[in-house]
Structure formats: C-alpha cells, structure tokens
S.K.: 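My structure is below; once you've seen it, I'll send some questions.
Position 1 is the first residue of the sequence, and the numbers go up from there.
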Amino acid sequence: PRLIGICNPSIFAIGLARRKLAAMLKVKMIMILCDPVGRAEKSFMEYHYCFDDYADAKGRGLSTAVRDQTKPCLQSANSLLSERFGKLKKFWQHRAVALHMPAMMHLFSARQVFVHQEQLREDAER
C-alpha cells in the first residue's frame, strides 16, 4: 500500500481542513503527542527569552533564526504564566490544541491513533 503523510499540526486548527481530511475515508490519523510543558518551554526559549548573547544562543540551537528581534523579549520562564493574557496571549492561543481534539476524535473516530513521542524514542532505542 502507498503511504502518504502530512506533518502540519496547525492544519487541524482549521475546521474546514479537518472536515475535508475526514471526508477521505481511507485517511487514517496518527497523532503524535508530546509533553505540553516541555514543548511550551522550548518554544518560549526559542522565540521569547532574552539571551545575554543572542548570536551564541542561536549558534548553540537554543534560539531560532526566525525569531523577530524587534519584539521585546522576556527575562524569565515565569512569564509563561504571568504574561498568559498579556504579552504571551498569542503564544498560548497557538498552543490551544485541546480545543480541537474533540472534533478530531468525532470526525476520525476509529481511524485515529494516538502515540506519545516518548514511545517512538523508546522503540527506536530497542
């Protein structure tokens, strides 16, 4: 059988895209889930944290090259909570995957499999 995949998690935030994919009856959904806290911390560090030496941080892979340096950065990971409805409101809105999970489960029902990313790492090591 021919296998084709889409690796674009943000596509599921669009209701029309979810319904179009679900209408293709041979499509099966494999959702790879991660640790949400670790994911939020990593994204914060890459895009919002104030590094003393940004060039060095980027070189070591701690920050991303596409970070908008014109936007103010934040001094502490505590900002993830203290700025949830302030400077980091959009940051949290883009991570609101749980809002779309019930619709995905309803649309794909028996054609959906959930796998935690840690399972993939453990199986690869064996």
Side-chain angles (χ1 to χ4, degrees):
R2 186 171 157 192
L3 298 176
I4 299 174
I6 299 173
C7 181
N8 184 352
S10 61
I11 197 170
F12 302 110
I14 303 164
L16 180 60
R18 288 192 303 262
R19 289 190 296 279
K20 292 273 189 181
L21 286 169
M24 295 181 248
L25 299 179
K26 290 188 177 186
V27 169
K28 293 184 177 28
M29 182 68 54
I30 301 171
M31 296 194 76
I32 300 173
L33 306 171
C34 64
D35 167 28
V37 174
R39 181 89 163 179
E41 287 175 336
K42 180 181 176 185
S43 292
F44 173 79
M45 294 299 287
E46 288 180 331
Y47 296 100
H48 299 284
Y49 184 70
C50 294
F51 288 97
D52 293 332
D53 186 346
Y54 176 71
D56 177 61
K58 189 170 74 171
R60 293 188 300 140
L62 300 174
S63 188
T64 180
V66 296
R67 178 176 161 193
D68 185 354
Q69 292 185 14
T70 63
K71 293 184 179 178
C73 57
L74 300 163
Q75 296 290 332
S76 168
N78 287 336
S79 303
L80 282 167
L81 297 177
S82 66
E83 292 293 337
R84 181 177 176 125
F85 300 105
K87 294 176 186 174
L88 292 175
K89 184 176 182 178
K90 286 187 179 182
F91 175 89
W92 283 107
Q93 287 173 339
H94 289 128
R95 278 146 191 85
V97 176
L99 299 173
H100 313 298
M101 293 299 284
M104 295 295 293
M105 293 171 77
H106 173 73
L107 289 169
F108 287 91
S109 61
R111 300 181 292 146
Q112 189 171 23
V113 175
F114 295 96
V115 179
H116 192 280
Q117 70 179 8
E118 195 62 35
Q119 287 177 292
L120 298 174
R121 290 186 186 127
E122 289 171 3
D123 289 345
E125 291 173 1
R126 290 181 191 174

S.K.: Taking the side chain from Arg111 and the backbone from Val27, do they hold a donor-acceptor pair closer than 3.5 Å?
M.R.: yes
S.K.: Determine yes or no for a side-chain-to-main-chain donor-acceptor pair under 3.5 angstrom, with Ser43 supplying the side chain and Ala40 the backbone.
M.R.: no
S.K.: Taking a hydrophobic cluster as the set of Ile, Leu, Val, Met, Phe, Trp and Tyr residues connected by side-chain heavy atoms closer than 4.5 Å, whether directly or through intermediates, do Tyr54 and Met45 fall within one such cluster?
M.R.: no
S.K.: Do the rings of Phe44 and His48 sit parallel, tilted or perpendicular, given the 30° and 60° boundaries?
M.R.: parallel
S.K.: Is it the case that one hydrophobic cluster holds both Leu120 and Ile30, taking links as side-chain heavy atoms less than 4.5 Å apart, direct or via other members?
M.R.: yes
S.K.: Please determine whether the number of non-hydrogen atoms from other residues, nucleotides or ligands lying under 6.0 Å from atom CD1 of Ile6 exceeds 12.
M.R.: no
S.K.: Any chance you could measure Arg84, atom CZ, to Gln93, atom CD, to the nearest 0.5 Å?
M.R.: 10.0 Å
S.K.: Check whether more than 12 heavy atoms from other residues, nucleotides or ligands sit under 6.0 Å from atom CG of Leu16, and answer yes or no.
M.R.: yes
S.K.: Which pair of heavy atoms, one from Arg18 and one from Leu107, lies closest together, and at what distance?
M.R.: CB-CD1, 3.7 Å
S.K.: Examine Tyr49 and Tyr47 and state if one hydrophobic cluster contains both, with Ile, Leu, Val, Met, Phe, Trp and Tyr joined whenever side-chain heavy atoms are less than 4.5 Å apart.
M.R.: no
S.K.: State which residues pass side chain to side chain donor-acceptor pair (under 3.5 Å) with Asp56; sequence neighbours excluded, sorted by chain then number.
M.R.: Arg60
S.K.: Do Ile11 and Met24 share a hydrophobic cluster, counting only Ile, Leu, Val, Met, Phe, Trp and Tyr and linking them when any side-chain heavy atoms are less than 4.5 Å apart?
M.R.: yes
S.K.: Apply side-chain contact (heavy atoms from CB on, under 4.5 Å) to residues Met104 and Phe114 and explain how you reach the verdict.
M.R.: CA-CA 11 Å; Met104 295 295 293; Phe114 295 96; over 6 Å; no
S.K.: Within a 6.0 Å radius of atom NE2 on His116, are there more than 12 heavy atoms belonging to other residues, nucleotides or ligands?
M.R.: yes
S.K.: Do the side chains of Met101 and Trp92 join up, straight or via other hydrophobic residues, at under 4.5 Å, putting them in one cluster?
M.R.: no
S.K.: Find the distance between CG (Asn8) and CD1 (Ile14) and round it off to the nearest 0.5 Å.
M.R.: 8.0 Å
S.K.: With Phe108, which of Met29, Met31, Lys28 fulfils side chain to side chain contact (heavy atoms under 4.5 Å, CB included)?
M.R.: Met29
